[in-house]
Student: 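Here it is: the structure, laid out below.
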Amino acid sequence: MKLSFDEALQAINEGRSVNHHDVQARALRRMVWVAEWHIPGCLSESFTVCTTKRDAIESALSMAEGADGAPRGMRADLERSGWSDRVAPDAWARGAITTIERRTLADIL
């Protein structure tokens, strides 16, 4: 039995390996939002797959936050352009880029 959209999304966000052959065809065509935090030129430090842009922005903000929350202006950057280079002063990875991007589920598998 192939994974539904919700099952595939849950497995991805839990860090489990998901092969596109194991997912229902209609689920592969559904759109998702990917929030990612990475240092330029390096692989992703952290990412989540969300069903809405709002959830992706909230997830992205939490990736770059410090003790005082997310950096000022980051939400506006993400809403406007889909990326931000703002990082909280006490975040562990300075110079990181945070992005949100809309893709099909198939694109991320």
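The analysis underlying the following values was restricted to heavy atoms, covering all of them including side chains, and did not include hydrogens, waters or symmetry mates. Residue numbers count from 1 along this sequence.
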Student: Can you find a pair of side-chain heavy atoms, one from Thr48 and one from Asp55, that are under 4.5 Å apart?
Tutor: no
Student: So that I can tick it off, tell me whether Arg75 and Glu58 are bridged by a salt bridge, with the cut-off set at under 4.0 angstrom between side-chain N and carboxylate O.
Tutor: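 The answer is yes: the pair qualifies as a salt bridge.
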Student: Considering all heavy atoms of both residues, which atom of Val87 and which atom of Pro71 are nearest to each other, and what is their separation?
Tutor: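 Taking every non-hydrogen atom into account, C-CG, 3.4 Å.
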Student: For a side chain to side chain contact (heavy atoms under 4.5 Å, CB included) with Leu28, tell me which candidate from Leu3, Thr104, Leu109 qualifies.
Tutor: Leu109
Student: Taking the side chain as everything from C-beta on, heavy atoms only, tell me whether Trp33 gets closer than 4.5 Å to Ile57.
Tutor: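 No, every pair of side-chain atoms sits at 4.5 Å or beyond.
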Student: Just how far is it from atom CG of Asp85 to atom CE of Met74, taken to the nearest 0.5 Å?
Tutor: 9.0 Å
Student: Among Gln24, Gln10, Arg26, find the one that has a side chain to side chain contact (heavy atoms under 4.5 Å, CB included) with Ser4.
Tutor: Gln24
Student: Provide the closest heavy-atom pair for Ala60 versus Ile100 in the form atom of the first, atom of the second, distance.
Tutor: CB-CG2, 4.1 Å
Student: Tell me whether Ile97 shares a hydrophobic cluster with Met63, the cluster being built from Ile, Leu, Val, Met, Phe, Trp, Tyr side chains joined at under 4.5 Å.
Tutor: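 No, it is not one cluster - the side chains of Ile97 and Met63 are not joined through contacts under 4.5 Å.
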Student: Could you report the tightest heavy-atom contact between Cys50 and Ser59, atom names first, then the distance?
Tutor: SG-CB, 4.3 Å
Student: Can you see which heavy atom on Ala35 is nearest to which on Ala56, and at what distance?
Tutor: CB-O, 3.4 Å
Student: Heavy-atom count check: over 12 atoms from other residues, nucleotides or ligands less than 6.0 Å from Asp68 CG?
Tutor: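 No, the 6.0 Å shell around CG holds no more than 12 heavy atoms from other groups.
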Student: Are any side-chain N or O atoms of Asn13 and backbone N or O atoms of Val49, one a donor and one an acceptor, separated by less than 3.5 Å?
Tutor: yes
Student: Measuring from Arg29:CZ to Leu105:CG, what's the distance to the nearest 0.5 Å?
Tutor: 11.5 Å
Student: Can you name the closest pair of heavy atoms from Lys2 and Glu7 and give their distance?
Tutor: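 For Lys2 and Glu7, the tightest heavy-atom pair comes out as O-OE1, 4.2 Å.
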Student: Please identify which of these residues, Thr99, Ile108, Ile12, meets the side chain to side chain contact (heavy atoms under 4.5 Å, CB included) condition with Phe47.
Tutor: Ile12
Student: I'd like to know whether Thr51 forms a side-chain contact (heavy atoms from CB on, under 4.5 Å) with Phe5, so could you lay out the CA-CA distance, the side-chain angles of the two residues, the decisive distance to 0.1 Å, and finally the verdict.
Tutor: CA-CA 10 Å; Thr51 56; Phe5 176 77; 3.8 Å; yes
Student: Could you state the interatomic distance from CG (Leu61) to CZ (Arg86), rounded to the nearest 0.5 Å?
Tutor: 11.5 Å
